[in-house]
*Asks:* 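Starting off with a structure, shown below.
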Amino acid sequence: MAEQHGKALVPQIRFAGFTDPWEQRKLENYIVVSTTKNVDGKFGKEDVLSVSGEYGVVNQITFQGRSFAGASVSNYGVVNTGDVVYTKSPLNSNPYGIIKVNKGIPGIVSTLYAIYHPRDNVYANFIQVYFEQHERMNNYMHPLVNKGAKNDMKVTAENALKGMVTFPSREEQSVISAFFSRLDSLITLHQRKYDKLCVLKKSMLDKMFPKGGSLYPEIRFAGFTDPWEQRKLGDELEFLRNNTLSRAELSESEGTAFDIHYGDVLIKYGSVLNLEKAKVPRIMDSAIADRQTCDRLQDGDVIIADTAEDSAVGKCTELCNSKGKMVFSGLHTMPLRPMGEYASGYLGHYLNSSAFHSQLLPLMQGIKVISISRSAMADTTMTVPSVDEQRQIGAFFDRLDSLITLHQRKLELLRNIKKSMLDKMFV
């Protein structure tokens with residue numbers, strides 16, 4: 001791609017060989033309203049399409065699990081492959097709806113959608129790419145749309161085409177569309193790998209720890225045959241003191257002490273919290289005196305969220321790579337320290353497993369805000385293998401977490417690249 005700057009109607013980044021300025025014209029010069037209805041009954045409820053911000057034009061039953069069509073679909077609009085669809089409904093970051101292209105098989109959409117056929121001077125997929133940037137879509141539609149009392153879009157299919165767009169030649173449109181298609185394929189590939197690894201981890205967390213009173217896990221590493229031991233959590237882990245600092249007393253960068261907040265345990269941190277990699281809030285200097293009333297944490301300590309608004313109570317993270325750092329456990333957490341030898345990573349993953357968590361559910365109290373007491377936690381039964389088997393389990397999940405993180409980072413990188421290119425490759 002060749003880079004160009006400072007020229008009117010020329011994008012910041014474009015492919016080599018294209019030098020002509022882009023043209024500013026009304027969208028109606030590129031697509032035309034389709035009025036074809038399903039009056040002949042060619043399509044049924046199983047052919048109804050929906051429009052997703054992430055997945056584009058999709059079959060409604062496949063995507064949403066069932067049809068939301070009315071008794072008759074004869075007045076539904078026919079959407080052919082390559083047609084452009086505008087949904088007149090607010091979606092997430094798009095208060096004026098979204099525009100997508102039907103890249104799949106023909107189908108029908110309700111009257112809430114506007115359907116357009118592309119003219120010969122436009123490459124249909126380019127229309128979708130052009131409007132994928134939220135700001136560009138919102139800026140285009142804002143002057144054309146009036147919102148109704150029910151937050152619906154008061155705009156006709158014809159008037160939605162009256163705004164100005166800036167497009168290149170059809171040939172350049174095709175090249176740009178192909179670039180984003182390849183980028184989307186890469187994003188989808190890593191998303192699938194990430195999803196599969198997450199499913200694998202969930203399955204292994206279920207199968208690699210005994211459940212239902214058994215002393216043997218469903219899946220086990222070769223060479224280990226001895227039964228696991230049942231022990232009381234209060235006999236194995238010592239309860240430490242946490243602090244009660246609020247989010248307002250924490251900072252992303254100020255302060256020398258780190259604070260493990262319950263909200264981060266629930267949402268951000270995994271079964272093992274690596275202090276060298278994770279972004280952990282710090283205790284602000286103005287609140288530093290309050291930390292003296294709680295215990296400083298070390299590697300191998302586990303932090304359990306003891307209060308939340310759902311059954312995520314009991315979610316746990318194990319601390320690692322904390323050497324040289326001042327770390328404390330914050331609001332609505334239970335910090336615990338093993339009194340005997342435990343292999344790194346074992347406790348974090350075991351205490352997050354369904355085998356252990358299922359024991360906590362009957363012990364939780366509250367209606368809107370759920371909590372579990374230290375005494376109830378202390379009486380809970382743990383199932384523990386030998387330290388050697390713990391090491392194997394901890395190492396397995398460590399490798400799995402590394403793979404999950406790798407694909408997660410690749411996903412974030414590709415999405416950031418796409419976001420940047422949606423800005424720089426268009427006028």
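Since this is a predicted model, take the numbers as computed values, not measurements.
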*Asks:* Do side-chain atoms of Asn159 reach the backbone of Val155 as a donor and acceptor pair under 3.5 angstrom?
*Replies:*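 No; zero donor-acceptor contacts below 3.5 Å.
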
*Asks:* For residues 173-188, pull every pair meeting side-chain hydrogen bond (donor to acceptor under 3.5 Å, both in side chains), keeping only residues two or more places apart or in separate chains.
*Replies:*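 Residue pairs passing side-chain hydrogen bond (donor to acceptor under 3.5 Å, both in side chains), neighbours aside: Asp184-Lys418.
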
*Asks:* Taking atom types as modelled, is there a side-chain donor on Asn321 or Asn274 under 3.5 Å from an acceptor on the other?
*Replies:*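 Yes, a side-chain donor-acceptor pair sits under 3.5 Å.
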
*Asks:* Any chance the side chains of Ser371 and Asp306 put a donor and an acceptor closer than 3.5 Å?
*Replies:*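 Absent: no donor and acceptor within the cut-off.
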
*Asks:* Please state whether the rings of Tyr30 and Phe167 are parallel, tilted or perpendicular, taking 30° and 60° as the class boundaries.
*Replies:*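 Tilted, since the angle between the ring planes falls between 30° and 60°.
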
*Asks:* Strictly distance-based, threshold 3.5 Å: is any side-chain N or O of Glu238 a donor or acceptor partner for the main-chain N or O of Arg337?
*Replies:*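 Answer holds: no.
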
*Asks:* Charged N to carboxylate O below 4.0 Å: is that the case for Glu23 and Arg170?
*Replies:*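 Not counted as a salt bridge, because no side-chain N and carboxylate O are separated by less than 4.0 Å.
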
*Asks:* Can you tell me which residue pairs pass the salt bridge (Lys or Arg N to Asp or Glu O under 4.0 Å) test with a partner in residues 185-203, sequence neighbours excluded?
*Replies:*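 Sorted result for residues 185-203: Lys201-Asp401.
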
*Asks:* In the structure I gave you, are the side-chain heavy atoms of Phe426 and Gln133 within less than 4.5 Å of one another anywhere?
*Replies:*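 Result no, sub-4.5 Å side-chain heavy-atom pair not found.
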
*Asks:* Kindly assign one of parallel, tilted or perpendicular to the pair His190 and His407, based on the angle between their ring planes and the thresholds 30° and 60°.
*Replies:*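 His190 vs His407 ring planes: tilted.
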
*Asks:* So, are Glu28 and Lys162 salt-bridged, with charged N and O less than 4.0 Å apart?
*Replies:*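 Salt bridge present between Glu28 and Lys162.
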
*Asks:* Who are the side chain to side chain contact (heavy atoms under 4.5 Å, CB included) partners of Pro338, not counting sequence neighbours?
*Replies:*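 Residues passing side chain to side chain contact (heavy atoms under 4.5 Å, CB included) with Pro338: Leu237, Asp301, Tyr342, Leu347.
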
*Asks:* Could you label the plane-to-plane angle of the Tyr350 and Phe356 rings as parallel, tilted or perpendicular, counting under 30° as parallel and over 60° as perpendicular?
*Replies:*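 It falls in the tilted class, 30° to 60°.
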
*Asks:* Under 3.5 Å, is there a donor-acceptor pair between the side chain of Asp299 and the main chain of Ser322?
*Replies:*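 Indeed, once roles are kept as given, a pair shorter than 3.5 Å links the two residues.
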
